Amino acid sequence: MVESHLLDLLRSRFSAAIATVLGDNAAPIDPLIRVSQDAKFGDYQCNAAMSLAKRLSAKPHDVAKRIAESVDLGDIAEPLEIAGPGFLNIRLKNDFLAAHIADILAGSDEFPGRLGVAPTAQPLRVIVEYSSPNVAKLMHVGHLRSTILGDVFGRVLSFIGHDVIRQNHVGDWGTQFGMLIAWYADHPMPSDSVDFLAATEEDYKLAYAKFREDAEFAERARLAVGRLQSGDPDARCVWQQICRASRAAFLATYRQLRVLLTDEDVRGESFYNGRLADCVESLRRLFPQREPGIPTPSEGFAEFREDAGAQCVFLYDAKGQPRYKGPDGNELPVIVQKKDGAYLYASTDLAALRFRAQDLKVDRIIYVTDARQKLHFQMFFGIARLAGWAPPSLRLDHVTFGSVLGEDGTPLKTRDGQNVKLHELLEEAVARAAAVVDENEARRAAEPGYTPLAAEERARIARAVGIGAVKYADLSRDRNGDYLFSFDRMLSMQGNTAPYMLYAYARIRSIYRKAAERDSTTASPSARLTLSAAAERALALRIARFGEAIDIVAADLLPHVLCAYLYDLAADFMRFYEECPVLQADGATRASRLRLCDLTARALRLGLDLLGIETIDRM
RNA sequence: GCACUCGUAGCUCAAUUGGAUAGAGCAUCGGCCUUCGGAGCCGAGGGUUGGGGGUUCGAAUCCCUCCGAGUGCGCCA
C-alpha cells in the first residue's frame, strides 16, 4: 500500500505500536493522529494514550511512554516528546520531509500531477444533481450555491477516481407551460437572443395576469397543458423552442461561471413524464393499507391511500405512529398525484431515482439543493427505501446549504424586491475586478521597466478575478449556514479570498518569468530540497498536506476545508517569499527554493481548479 | 404547536468532527519598500464560545434545559 499522506503513514506506524502495547488479540484502535495546532507541539501528535490509560489501568503518561518505545519512526521523525497528560508530539525530520515532497509529490511517483493523491481503491458511479434552473426564467442568486457547490463535488469526486454523472434536473414541465403556450398562440415568441429568458419571464407574468382575469384564456391554458402532455405537435413545438433557447442561455451562464455542466447533462423533469403513472401505480401496489394487529417492522412502513381527493403516501415509524405531522397536528402525507390528476415533484423525484438506480445503475446520488427542502428529501428518501427502489447499497445524500443574504442580513434582493439576476451579479463582480486591475495598472505604470498589460489581458484577468471571487467567497464558508454576500470582502486582497490566492500564484509565475529573463536555469526536477529556514520548512509541510484536505472534501463534501488549506498554503508562501530570496540565492539554495515555488504553484493551481477557479499568470 | 439550521473578538468567518493557551481577515494602534510584484509581510490590544446544568482525564464540539435568530410543515419546486 502506498501511504501517500503523512497522516496515513503515521496512522499505520502508531497502529502497529499500539497493537504491540495492547497485546496480540486486541481489536485495532484508532491511534488518534492529529495535526498539532501549535508548532511547539510538533507537526503531528498522537492522542491515543489518554483514552487507553483507563483500559490498561495505567497512567496516561506511562502509556504514552510505552507507545513511544514501541513505535518505529526512526527514519521519519525526531525522538518523540511526551507532553502534558500524555500527548505524543511528533516532529518530522527535515530530510524526510524534503525527500517526501520531492519524490512523492513532484510527479516522479506513480500518480504524476496528482500531488500525492492516489485514486480511490473503490470507484463508484455517482450522480451529482445540481443547478436545476427553471426553463423560461432567468437564473438568479438562488441558483448560485447549488451550481457552484455541485460543480466542486463533481470535480473532486471525479479527481478521486469516481465515475461522475452530472444531472441538471431543469424545471421544464408543469402547468406554467399551458399559460405560455396559450400566450404565444396570440403573441410572437422572442427570438433566441441573449435576452430570450428575460423576455419569456416577462411574458409569463403577463400570461399569468391574463390567466387570472380572462376565463376564456384560462380555459385555453388548461387545455394547452393537456395538449402538451398528450404530444400535440403545435404545443410541443412551442415548448421545445422555449426549452432549447433556455438551455442555450443556461450554458452561456455556465461557461461564464466556469461550471462543467453541458447540454448532455440536462435531464429535465419532462424526461420522467412517461414514468410517473407507473411510479404511482407501483406505490399503490407496494403500500397497501395495513391490517390491524400485524406487528410493525422496525424500519416502519408506508401506506398508500387517497386523502382529500389526492393520491398520498403516509409514512409511519416502528411503533405505527405517523412520522410527519402538519401544523394542525394531523399526519402529513407525501402527495404523489393531485386531485386533478397532475403529478408533483415527489413523483418526479421518485421516478428519477428509479431510473437512476435501475437504468443508470448508480451507487450514489448526491442532491445539491437548499436546506429548505430537507423535509421533502427526508420523506422522499423514506419512500424510496421502503419501496426498495433505493436498496441499502445505494447511498443517498441531500447536501444542503443556507441562503445568500445581503449586507442587511436578509435574503439578497434588488432594491425593488426582485431576485438578483445571476448574470447581472456576475457582470458586476467582473466590472469591480476590472476597476481594481485598472487602478493597479495605473499605479505600476510609473515603475521603471514595467511592461503594461494589454487591454485584452486586463479583461481576462478581471474575469478570472471577478468570477473567482464570487465562487471562492461562497465555497470558503461552511455551506450549512446562511452566507453574507459582499463584493467588497470577496474582492479584497487581504484574508481568505480568491484575489489573495491568485496573487500568490501570480507572484510565483513572476519569479519564473524573471528567472527565464536572466538566464535559463529554472527548477530542475532533480534539485535537492533543503529546508533550513523556518519558512521553508513550514511551506514544505503544508505542501505535503495537500491530500489531507482533498480527503476531507471528498468524504464530507465540505469545500471550505480545501479553501482553508489553500489560504494557509498561500499565506505560508507569502511568508516564505518575504523571508527567503529565491533568485538572489546562490546555487543549491536557489534550485531548492525554485522547487518549493514550483510545488506551491502546482498545489495552488490544482486546488483552485478543483474549486472551479481559474488561475492567471499576471494580475 | 412540531421539526430542522444557526448563535464563537465590535464586524465577516475558522477551529482537522472530543485534544493542550479557541485561530484568521476587516476595523484600531505600532513597525518593514536601494532585494524576486507593497494587491505584500511582521507585531500589539481585543473572548465567561448566548445563559445554566450534565457526561470525562479533557467540551465551542456530545446530552438536558432555558434565551435569541432563521427556515420548513397537503395538492409550487
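Note that this is a predicted model, so its numbers are computed, not measured.
B:rA24 atom P lies 10 Å from atom CG of A:Asp568, rounded to whole Å. Atom CG of A:Asp30 and atom P of B:rU16 are 15 Å apart (whole Å). If you take NZ of A:Lys374 and C1' of B:rC6, they are 12 Å apart, rounded to a whole angstrom. Taking atom CG of A:Asp617 as the reference point, atom P of B:rC36 lies 20 Å away to the nearest angstrom. When rounded to the nearest whole Å, the span between CZ of A:Arg542 and P of B:rU16 equals 14 Å.
Taking the six-membered ring for Trp and the full ring otherwise, A:Phe485 and A:Phe487 have centroids separated by under 6.0 Å. Ring centroids of A:His560 and A:Tyr565 are separated by 6.0 Å or more, keeping the two rings apart. Remark: aromatic rings of A:Tyr567 and A:Tyr500 are close, center separation under 6.0 Å. Taking the centre of each ring, A:Tyr367 and A:Phe381 come in below the 6.0 Å mark.
Among the protein residues, A:Ala371 comes within range of no part of the nucleic acid, since none of its heavy atoms lies under 4.0 Å from any strand. Within the 4.0 angstrom heavy-atom criterion, no nucleotide atom of any strand lies near A:Pro499. Among the heavy atoms of the strands, none lies under 4.0 Å from A:Ile508. Counting any heavy atom pair closer than 4.0 Å across all strands shown, A:Gly326 reaches a base atom. Contacts of A:Arg618 with the nucleic acid, taken as non-hydrogen atoms under 4.0 Å apart, include base atoms. Residue-level contact check: A:His560 touches the backbone only, with heavy atoms under 4.0 Å from sugar-phosphate atoms and none from bases. Residue contacts for A:Tyr324: at a heavy-atom cut-off of 4.0 Å it reaches no nucleic acid atom on any strand shown. A:Lys339 comes within 4.0 angstrom of a nucleotide base, judged by non-hydrogen atoms across all strands. In this structure, A:Pro85 reaches neither bases nor backbone, as no heavy-atom distance under 4.0 Å exists between it and the strands shown. Note on A:Asp370: nothing from the nucleic acid sits closer than 4.0 angstrom, heavy atoms only. At a threshold of 4.0 angstrom between heavy atoms, the contacts of A:Asn330 with the nucleic acid are absent. Using a 4.0 Å heavy-atom cutoff across all strands shown, A:Ala342 reaches no nucleic acid atom at all. Here A:Val334 lies out of heavy-atom contact (under 4.0 Å) with every strand.
B:rG53 and B:rG70 have their P atoms separated by 28 Å, with the value rounded to a whole Å. Here, B:rA39 and B:rU35 have their P atoms 14 Å apart, quoted to the whole Å. The C1' atoms of B:rU61 and B:rA22 are separated by 11 Å, rounded to the nearest whole Å. B:rG10 and B:rC29 have their C1' atoms separated by 15 Å, with the value rounded to a whole Å. Taking atom C1' on both B:rA9 and B:rA44, the two are 15 Å apart, rounded to the nearest angstrom. B:rG47 and B:rC42 have their P atoms separated by 23 Å, given to the nearest Å. Between the C1' atoms of B:rC13 and B:rG7, the separation comes to 13 Å (whole Å). A gap of 15 Å separates the C1' atoms of B:rA20 and B:rA60, to the nearest Å.
For the atom pair CG (A:Leu180) and CD1 (A:Ile242), the distance works out to 5.0 Å, reported to the nearest 0.5 Å. A distance of 11.0 Å separates CZ in A:Phe177 from CE in A:Met179, rounded to the nearest 0.5 Å.
Scanning atom types as modelled, no donor and acceptor separated by under 3.5 angstrom connect the side chain of A:Asn496 and the base of B:rA24. Under 3.5 Å, the side chain of A:Asn89 and the base of B:rA20 form at least one donor-acceptor pair of N or O atoms. Between the side chain of A:Tyr345 and the base of B:rA77, at least one donor-acceptor pair of N or O atoms lies under 3.5 Å.
Residues of residues 35-50 of chain A that place a heavy atom closer than 4.0 Å to RNA chain B, in numerical order, are A:Val35, A:Gln37, A:Lys40, A:Phe41, A:Gln45, A:Asn47, A:Met50. Residues from residues 574-581 of chain A placing a heavy atom under 4.0 Å of any atom in RNA chain B, listed by number, are A:Met574, A:Arg575, A:Tyr577, A:Glu578, A:Cys580, A:Pro581.
In this structure, a donor-acceptor pair under 3.5 Å is present between the side chains of A:Thr369 and A:His398. If you check the side chains of A:Lys413 and A:Asn419, you find a donor sitting under 3.5 Å from an acceptor. Looking at A:Tyr343 and A:Gln311, their side chains never bring a donor and an acceptor atom within 3.5 Å of each other.
For A:Ala506, whose side chain is taken as the heavy atoms from C-beta onward, the closest listed nucleotide among B:rA77, B:rC41, B:rG37 is B:rG37. Checking B:rG74, B:rG72, B:rC57 against the side-chain heavy atoms of A:Pro327 singles out B:rG74 as nearest. Side-chain atoms of A:Arg513 lie closest to B:rG37 of the nucleotides B:rG25, B:rC6, B:rG37. With B:rA20, B:rA39, B:rA14 as the candidates, the nucleotide lying closest to the side chain of A:Ala83 is B:rA20. Of all nucleotides listed (B:rC36, B:rC41, B:rU5), B:rC41 comes nearest to the side chain of A:Tyr500. Across B:rC6, B:rC57, B:rA39, the shortest atom-to-atom separation from the side chain of A:Lys54 is found for B:rC57. Closest to the A:Tyr503 side chain, of the nucleotides B:rU17, B:rA77, B:rA39, is B:rA39. Which of B:rC36, B:rC57, B:rG70 sits closest to the side chain of A:Gln584 comes down to B:rC36. The side chain of A:Arg507 has B:rG37 as its nearest neighbour among B:rG37, B:rC76, B:rC6.
Between A:Phe380 and A:His376, the ring planes lie parallel to each other; the angle is under 30°, not in the 30° to 60° tilted range. Using the six-membered ring where Trp is involved, A:Phe211 and A:Tyr208 have ring planes that are parallel, under 30° apart on the 30 and 60° scheme.
Closest approach of A:Phe401 and A:Asp370 over heavy atoms only: CZ-N, 3.4 Å. Taking each heavy atom of A:Phe41 and A:Ser36 in turn, the nearest pair found is O-OG, 3.0 Å. Residue A:Cys580 comes nearest to A:Glu536 through the heavy atom pair SG-CG, 3.9 Å, listed as atom of the first residue, atom of the second, then distance.
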Item to complete: Tell me, with the steps shown, if A:His169 and A:Tyr272 meet ring pair (Phe, Tyr, Trp, His ring centres under 6.0 Å).
Response: CA-CA 10 Å; A:His169 193 75; A:Tyr272 306 101; 5.8 Å; yes
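A stacked arrangement is not assigned to A:Phe87 and the six-membered base ring of B:rG19, the conditions of a centre distance below 5.5 Å and an interplanar angle below 30° not being jointly met.
Considering A:Ile550, A:Leu608, A:Ile552 as possible partners of A:Leu562, the one that fulfils the side chain to side chain contact (heavy atoms under 4.5 Å, CB included) test is A:Ile550.
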Response to the item:
Under the rule of Watson-Crick or G-U wobble with both distances under 3.5 Å, where | means paired to another strand and [ ] a crossing pair, RNA chain B maps to (((((.(..((((.....[...)))).(((((.......))))).....(((((..]....)))))).)))))....
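Within the structure, every side-chain polar atom (N or O) of A:Lys325 is placed at least 4.0 Å from both OP1 and OP2 of B:rA3.
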